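Here is the structure we will look at, set down as structure tokens.
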Amino acid sequence: QVQLQQSGAELAKPGSSVKISCKASGYTFTSYYISWIKQTTGQGLEYIGYINTGSGGTNYNEKFKGKATLTVDKSSSTAFMQLSSLTPDDSAVYYCARARVDYWGQGVMVTVSS
Amino acid sequence: DIQMTQSPSSLPASLGDRVTITCRASQDIGNYLRWFQQKPGKSPRLMIYGATNLAAGVPSRFSGSRSGSDYSLTINSLESEDMAIYYCLQHNEYPLTFGSGTKLEIK
């Protein structure tokens, strides 16, 4: 069965970076993009962008350009998202999802606090 | 970006009721519309894809429909396990965009 296993919760200081992972199993990894989504109580669900798991090509929502960097390691079927220059507004649950969002990871809570 | 206007934001209902949630797309999205259910502390679960198709394992009391740019999720004969937040998603063009959510709760 399709599974997306994400890394654990992060507590980060303002100005720092975090890198979260999403390991896929149960399907051919390179056949589907990996999407990333931000969820907050105030803004709801926001689409960050996707990475082509075969070529490494990316497509970012304008809002998240410069904030998120998506990468992939095909050898381990794992996608990564780095969030940089963190502010309290980046505190959220971040999900990875397969392709146009059919299967989701369990989410990673990122808390930015001094 | 395509705006998805979802209503209502909150929907009190009784067990056994029939309820409908609606999303209106600001541009043509064809049938590239999905509905998700999210329970507290859990990831969203795909319920409907292609505007009208039931995802695997979803009870038949759930259905999706389209009228022009309005997309609806209907739940017949509400059960307690259906109490959750429901979101629509358009995946016709990037960036994908979600509706703001409907919290379905017991009246």
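Quantities reported herein were computed from a predicted structural model and do not represent experimental measurements. To find a chain, count down the sequence lines: A is the first, B the second, and so on, and within it residues start at 1.
- Considering only heavy atoms from C-beta on, Y49(B) stays 4.5 Å or farther from D102(A) through its side chain.
- With a 4.5 angstrom heavy-atom cutoff, V93(A) does not touch chain B via any of its atoms.
- When hydrophobic clusters are built by joining Ile, Leu, Val, Met, Phe, Trp and Tyr residues whose side-chain heavy atoms come closer than 4.5 Å, directly or via intermediates, I48(B) is not grouped with Y87(B).
- Between the R34(B) side chain and the R100(A) main chain, a donor and an acceptor come within less than 3.5 Å of each other.
- L96(B) touches chain A through backbone and side chain together, each having a heavy atom under 4.5 Å away.
- By the 6.0 Å contact criterion, CZ on R66(B) is enclosed, its count of non-hydrogen atoms from other residues, nucleotides or ligands being greater than 12.
- Cluster membership check: V108(A) shares its hydrophobic cluster with I34(A), using side-chain heavy-atom separations under 4.5 Å among Ile, Leu, Val, Met, Phe, Trp and Tyr.
- Linking Ile, Leu, Val, Met, Phe, Trp and Tyr residues whenever their side-chain heavy atoms come within less than 4.5 Å leaves V58(B) and I85(B) in two separate clusters.
- Using a 4.5 Å cut-off between heavy atoms, I48(A) does not touch chain B at all.
- Within 6.0 Å of atom CZ in R18(B), 12 or fewer heavy atoms from other residues, nucleotides or ligands are found, so the atom counts as exposed in its surroundings.
- When every heavy atom of Y95(A) is checked against every heavy atom of K42(B), the shortest pair comes out as OH-O, 3.5 Å.
- Relative ring orientation between Y47(A) and Y94(B) is described as tilted, the plane-to-plane angle lying within the 30° to 60° band.
- Counting heavy-atom pairs closer than 4.5 Å to chain B, the top residue among N61(A), N59(A), L45(A) is L45(A).
- G105(A) and S43(B) get closest at one heavy-atom pair: O-OG, 2.5 Å.
- The hydrophobic clustering, which links ILVMFWY residues whose side-chain heavy atoms are closer than 4.5 Å, places Y103(A) and M47(B) apart.
- By the 6.0 Å contact criterion, CZ on F62(B) is enclosed, its count of non-hydrogen atoms from other residues, nucleotides or ligands being greater than 12.
- No side-chain heavy atom of F98(B) sits less than 4.5 Å from a side-chain heavy atom of Q39(A).
- Of the listed residues (A55(B), P95(B), P44(B)), the greatest number of heavy-atom pairs within a distance under 4.5 Å of chain A belongs to P44(B).
- Proximity to chain B (any heavy atom under 4.5 Å) is shown, for Y60(A), by neither the backbone nor the side chain.
- Under a hydrophobic-cluster definition in which Ile, Leu, Val, Met, Phe, Trp and Tyr are linked whenever side-chain heavy atoms come within less than 4.5 Å, directly or via other members, I106(B) and V19(B) are assigned to the same cluster.
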